[in-house]
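The structure under discussion appears below in the form of C-alpha cells.
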Amino acid sequence: MIEAEKLTKRFGGRAVVDDVTFRCEPGTVTGFLGPNGAGKTTTMRMICGFSTPDAGRAGVLGGEYRRLPNPGRRVGVLLDASAQHGGRRGREALAISAQTMGVEEKRVDDLLGLVGLDRAAARKRVRQYSLGMRQRLGIANALIGEPEVLILDEPANGLDPEGMRWMRGLLRDFAERGGTVLLSSHLLHEVDAIADRLVIIGSGKIVAEGSKEELLSDAGTLVRADDGEALGRALAGAGLEAREAEGGGFLVDAEPRAVGVAAQGGGVALVHLAPAGDAGLEQLFFDLTTDNGEEGKR
C-alpha cells in the first residue's frame, strides 16, 4: 500500500507538487504518468522520505517510510539509476546492499541472473556500465531485500525493447504475487502495457486517475480519411464535435456509427473508423498535460 494525501512542495515560491492525492493497492501496478518536469520525481521523493512536503502526508505500508525498520526489506526504491558508486563493481555494489540489509549473499548472484547481468558484467565497475545496465543493477538493488513494495522512477530509461519487455514481465509477476508497484514515466505506451491503473500529473496537479477503461469511457471514435479537410467539413456539417488526433485524423465525441453516417453524407471515403482505444488515451494524455511548467528536473 502506498498513499499520498494532499502532498504539496514548493521551490522558489512555486508549487511544483500541488495537493497531490492517490493510492496504490497491493497486487497492482500503478503507472504515474506525466511529461518531464510535471512533478513525478518530487512526489516520489516525498513518498520515500527524501524530501519533506510543505503540506500533506505520504505513507508506505501504513506508516512513514522513514520510520520503517530496515526499510529496504519492505520497500524497494529506484529513483536515479545514475546515482551509484562508479568505482564499485556491479556485484560488489549489490553485495554491500545485501550486507547492509542482512540478506544472505546467495541472493546477490540470484538477482544478477534475474536482471540479466552476467559474470562479465558483474565484474565491471559501474562507471563502465551503459544506462541500461545501470537500470538493471538499480532494479536488482531495489529487489535485494525481497520487498513488498516497489517505487521506481523512469526505470525503462536506457533499456532496449527486449529490456523493456523483460522489465514488464518482472513487475507484472511481482504484482501478481501480491506486491505493490508505483512506476513513473513520461512515456505513455511504456506504462500502458503493464499498469492496472494510471495516475496522470501535469504542472504538479493530478489531472486524471483510473483504469484505462475508466479513462477511455468517453474517448469517442478515431476516424481517418485520405481527404482530411473534406472529413472535417463532413463532421462539422453533421454537428459532431471533433478535434485533430495525434498521428492524423480526428477524435470525435460520438459513436462510430454516427461518424460513419456523417462521412457518408459528405461523400468522404474513410480509411479508418473505430473506437478511440489507444489513440484516445494518447490524446487524453496530450490534452491533459500540454503546456506544463518545468520542474527544474527535480
Side-chain angles (χ1 to χ4, degrees), residues 1-4 22-33 40 43-44 47-49 58-65 67-79 81 91 93-95 97-118 122 132 134-157 159 161-185 187 189-199 209-214:
M1 171 77 76
I2 301 171
E3 297 175 283
F22 63 87
R23 288 164 59 100
C24 307
E25 301 288 347
T28 65
V29 177
T30 299
F32 192 30
L33 284 163
K40 302 185 301 297
T43 299
M44 296 176 95
I47 291 171
C48 296
V60 183
L61 297 170
E64 293 182 13
Y65 176 89
R67 297 185 182 277
L68 293 174
N70 199 356
R73 297 300 298 265
R74 306 289 307 280
V75 183
V77 176
L78 174 60
L79 296 187
R91 190 186 187 286
L94 206 54
S97 294
Q99 185 178 20
T100 301
M101 296 179 200
V103 174
E104 291 185 5
E105 190 168 342
K106 178 182 180 299
R107 183 158 171 78
V108 172
D109 294 313
D110 291 343
L111 277 173
L112 287 169
L114 178 67
V115 302
L117 293 175
D118 59 20
R134 290 183 187 225
Q135 292 285 18
R136 289 174 182 267
L137 182 63
I139 291 171
N141 255 310
L143 291 169
I144 191 72
E146 300 183 87
E148 303 155 60
V149 173
L150 287 176
I151 299 175
L152 310 174
D153 189 13
E154 303 276 7
N157 277 357
L159 293 180
E162 183 279 329
M164 293 174 68
R165 181 178 180 183
W166 160 79
M167 185 191 71
R168 288 195 296 267
L170 180 123
L171 297 183
R172 190 70 263 163
D173 178 69
F174 182 87
E176 288 173 359
R177 289 185 287 108
T180 305
V181 181
L182 175 61
L183 167 71
S184 87
S185 180
L187 301 174
H189 293 297
E190 169 198 315
V191 172
D192 178 40
I194 183 177
D196 301 292
R197 294 185 64 80
L198 301 173
V199 176
E209 181 179 3
S211 68
K212 178 179 175 179
E213 291 73 23
E214 290 168 342

> Between D153 and L78, does a side chain to side chain contact (heavy atoms under 4.5 Å, CB included) hold up when you go through it step by step?
Replying inline: CA-CA 6 Å; D153 189 13; L78 174 60; over 6 Å; no
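- Environment of CD in Q99: sparse, with no more than 12 heavy atoms of neighbouring residues, nucleotides or ligands closer than 6.0 Å.
- Under a 3.5 Å cut-off, the side chain of R73 and the backbone N or O of G145 do form a donor-acceptor pair.
- Taking all atoms of both residues into account, the shortest heavy-atom contact from V108 to A95 is CG2-CA, 3.8 Å.
- Using a 4.5 Å cut-off on side-chain heavy atoms (C-beta onward), F174 and L143 make contact.
- Nearest heavy-atom pair, A175 versus V29, reported as atom, atom and distance to 0.1 Å: CB-CG2, 3.7 Å.
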> Are R107 and E105 close enough, and set up right, to give a salt bridge (Lys or Arg N to Asp or Glu O under 4.0 Å), and what steps lead you there?
Replying inline: CA-CA 5 Å; R107 183 158 171 78; E105 190 168 342; over 6 Å; no
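- Distance alone, capped at 3.5 Å, is enough to place a donor-acceptor pair between the W166 side chain and the L114 backbone.
- Between L182 and C24, the closest heavy-atom pair is CD1-SG, 3.8 Å.
- Contact check for L198 versus S211: no side-chain heavy atoms found under the 4.5 Å cut-off.
- Looking only at distances, a side-chain donor or acceptor of R136 sits under 3.5 Å from a matching main-chain atom of V115.
- Side-chain atoms of S184 and M44, non-hydrogen and from C-beta on, do get closer than 4.5 Å to each other.
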>> Checking V60 against M1 for the side chain to side chain contact (heavy atoms under 4.5 Å, CB included) test, could you report, in this order, the C-alpha distance in whole Å, the side-chain angles of both residues, the deciding distance, and whether it holds?
In response: CA-CA 6 Å; V60 183; M1 171 77 76; over 6 Å; no
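- A 4.5 Å side-chain heavy-atom check between I47 and Y65 finds every atom pair outside the cut-off.
- Within the 3.5 Å criterion, the main-chain N or O of A4 finds no donor-acceptor partner in the side chain of R23.
- For the atom pair NZ of K40 and CG of L79, the computed distance is 12.5 Å after rounding to the nearest 0.5 Å.
- Between R172 and V181 the shortest side-chain heavy-atom distance does not fall below 4.5 Å.
- Residues meeting the salt bridge (Lys or Arg N to Asp or Glu O under 4.0 Å) test with E209, sequence neighbours left out: none.
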> Can M101 and N70 be said to form a side chain to side chain contact (heavy atoms under 4.5 Å, CB included), step by step?
Replying inline: CA-CA 7 Å; M101 296 179 200; N70 199 356; 3.9 Å; yes
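- In this structure, the separation between CD on E104 and CG on D109 is 12.5 Å, given to the nearest 0.5 Å.
- Note that the CD atom of Q135 and the CG atom of L152 stand 9.0 Å from one another [nearest 0.5 Å].
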> Yes or no on side chain to side chain contact (heavy atoms under 4.5 Å, CB included) for D196 and T30, after CA distance, side-chain angles and deciding distance?
Replying inline: CA-CA 6 Å; D196 301 292; T30 299; over 6 Å; no
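- A 4.5 Å side-chain heavy-atom check between L33 and V199 finds every atom pair outside the cut-off.
- Residue E162 places its CD atom among more than 12 non-hydrogen atoms of other residues, nucleotides or ligands, all under 6.0 Å distant.
- Taking the side chain as every heavy atom from C-beta outward, E154 and N157 approach each other to under 4.5 Å.
- Here the closest non-hydrogen pair linking F22 and T43 is CE2-CG2, 4.1 Å.
- Of all heavy-atom pairs between L159 and G163, the closest is CD1-O, 3.8 Å.
- In this structure, CD1 on I194 lies 13.0 Å from CZ on R165, to the nearest 0.5 angstrom.
- Side-chain contact check for L94 versus N141: some heavy-atom pair is nearer than 4.5 Å.
- Here the CD1-CG distance, from I2 to L61, works out to 8.0 Å after rounding to the nearest 0.5 Å.
- Considering OG of S97 and CG of L137, their distance stands at 8.0 Å, rounded to 0.5 Å.
- Residues G72 and P147 share a closest heavy-atom pair of O-CB, 4.2 Å.
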